[in-house]
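Not measured: the values here are computed from a predicted model.
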Amino acid sequence: QVHLVESGGGLVQPGGSLRLSCAASGFTFSSYAMSWYRQAPGKERELVATITSAYGSTNYADSVKGRFTISRDNAKNTVSLQMNSLKPEDTAVYYCNARRRTIVGGVVDYWGQGTQVTVSS
């Protein structure tokens with residue numbers, strides 16, 4: 001059974017830092033690209049950061065470049081998101097995602113339950 005369990009969310013003041021973690025189980029973690037998405041109230045879910053399975057290449061949304069860092073530990077089946085210089089507009093529920101493309105061109109997606117991040121003074 002697949003599980004993605006996020007942790008590390010909470011309330012932080014503007015300019016502060018948080019580190020989100022996602023513990024994965026039930027699938028071959030090293031074969032999946034891992035991403036963090038977020039969804040603010042009244043807005044669509046948006047991609048924040050991705051780290052690939054093969055080479056660990058990373059990509060970030062323009063809004064978080066230079067402030068957020070995604071990393072993965074394939075030995076521990078975890079992916080993390082270090083968030084620095086947080087802004088009120090970073091407030092959202094953050095979701096962990098695992099994705100793999102199949103040989104026939106499909107996509108396998110797994111999602112965590114989300115963790116709330118609130119940036120407020």
Side-chain angles (χ1 to χ4, degrees):
Q1 190 172 5
V2 172
H3 290 286
L4 291 174
V5 181
E6 300 100 335
S7 61
L11 173 64
V12 63
Q13 292 187 343
S17 298
L18 280 176
R19 185 176 181 86
L20 305 183
S21 294
C22 174
S25 61
F27 62 100
T28 306
F29 180 81
S30 59
S31 297
Y32 284 69
M34 299 300 298
S35 298
W36 287 94
Y37 285 75
R38 67 186 181 187
Q39 188 166 21
K43 295 188 177 181
E44 294 187 355
R45 190 172 296 189
E46 65 171 345
L47 177 62
V48 175
T50 297
I51 185 165
T52 63
S53 59
Y55 299 105
S57 301
T58 58
N59 282 291
Y60 298 91
D62 287 343
S63 59
V64 307
K65 279 181 182 177
R67 300 188 298 122
F68 290 11
T69 302
I70 189 171
S71 60
R72 67 188 296 160
D73 185 335
N74 288 341
K76 296 182 178 179
N77 288 3
T78 58
V79 60
S80 298
L81 185 69
Q82 178 66 43
M83 305 186 295
N84 298 328
S85 302
L86 283 161
K87 305 175 181 180
E89 51 263 44
D90 294 318
T91 296
V93 177
Y94 284 70
Y95 296 91
C96 178
N97 168 265
R99 175 168 295 173
R100 177 180 65 84
R101 298 197 179 277
T102 67
I103 295 174
V104 296
V107 174
V108 176
D109 261 330
Y110 300 128
W111 292 92
Q113 82 287 351
T115 186
Q116 176 71 46
V117 171
T118 302
V119 185
S120 175
S121 55

(request) Spell out, yes or no, whether Trp111 and Val79 are grouped together once hydrophobic residues are joined by side-chain heavy atoms under 4.5 Å, including indirect joins. (result) no

(request) Find out if a path of hydrophobic residues (ILVMFWY) with successive side-chain heavy-atom gaps under 4.5 Å connects Trp36 to Phe68. (result) yes

(request) Please answer: with hydrophobic residues joined when any side-chain heavy atoms are less than 4.5 Å apart, are Leu86 and Leu81 in the same cluster? (result) yes

(request) Examine distances only and state if a side-chain atom of Tyr95 and a backbone atom of Glu6 form a donor-acceptor pair shorter than 3.5 Å. (result) no

(message) Under the criterion side-chain contact (heavy atoms from CB on, under 4.5 Å), I'd like the reasoning laid out for Val108 against Thr102: C-alpha separation, chi angles, the key distance, then a yes or no.
(response) CA-CA 7 Å; Val108 176; Thr102 67; 3.7 Å; yes

(message) I'd like to check Ser120 versus Leu11 (side-chain heavy atoms, cut-off strictly below 4.5 Å). Are they in contact?
(response) yes

(message) Count I, L, V, M, F, W, Y as connected when their side-chain heavy atoms are under 4.5 Å apart, and connections chain through other members. Are Val5 and Phe29 then in the same cluster?
(response) no

(request) Determine yes or no for a side-chain-to-main-chain donor-acceptor pair under 3.5 angstrom, with Asn97 supplying the side chain and Tyr110 the backbone. (result) yes

(request) Tell me, yes or no, whether the heavy-atom count around Glu44 atom CD, taken from other residues, nucleotides or ligands under 6.0 Å, exceeds 12. (result) no

(request) Tell me, please, whether Tyr32 has Arg72 positioned over its six-membered ring: NZ or CZ under 6.0 Å from the ring centre and within 45 degrees of its axis? (result) no

(message) Do Tyr60 and Ile51 land in one hydrophobic cluster if side-chain heavy atoms of ILVMFWY residues count as linked below 4.5 Å?
(response) yes

(request) Please check if the side chain of Ser21 supplies one atom and the backbone of Ser80 the other of a donor-acceptor pair under 3.5 Å. (result) no

(message) Surrounding CZ of Arg19 (heavy atoms of other residues, nucleotides or ligands, distance under 6.0 Å), is the total greater than 12?
(response) yes

(message) Quick check: closest heavy atoms across Ser53 and Ser31, and the distance to 0.1 Å?
(response) CB-C, 3.6 Å

(request) In sequence, state the C-alpha distance, the side-chain angles, and the governing distance for Met83 and Tyr94, and then conclude on side-chain contact (heavy atoms from CB on, under 4.5 Å). (result) CA-CA 12 Å; Met83 305 186 295; Tyr94 284 70; 3.9 Å; yes

(message) Minimum heavy-atom separation for Ser35 and Thr50, please, with both atom names.
(response) OG-OG1, 2.8 Å

(message) Determine whether Leu4 and Met34 satisfy the following criterion, side-chain contact (heavy atoms from CB on, under 4.5 Å), listing intermediate values before the conclusion.
(response) CA-CA 11 Å; Leu4 291 174; Met34 299 300 298; 4.2 Å; yes

(message) If I compare all heavy atoms of Val119 with all of Thr91, which pair ends up nearest, and what's the gap?
(response) N-OG1, 2.9 Å

(message) Which heavy atom of Ala40 sits nearest to which heavy atom of Ala92, and what is that distance?
(response) N-CB, 3.8 Å

(request) Go through the steps to decide whether Asp90 and Arg38 satisfy the test side-chain contact (heavy atoms from CB on, under 4.5 Å), and finish with yes or no. (result) CA-CA 9 Å; Asp90 294 318; Arg38 67 186 181 187; 2.9 Å; yes

(message) Could you report the tightest heavy-atom contact between Asn84 and Ser17, atom names first, then the distance?
(response) OD1-OG, 2.9 Å

(request) Enter the distance from Ile70:CD1 to Gln82:CD here, rounded to the nearest 0.5 Å. (result) 12.5 Å

(message) As an exercise, state the distance from CG of Asn77 to SG of Cys22, rounded to the nearest 0.5 Å.
(response) 10.0 Å

(request) Might you point out which heavy atoms bring Arg67 and Ser85 nearest each other, and give the distance in Å? (result) NH1-O, 2.9 Å

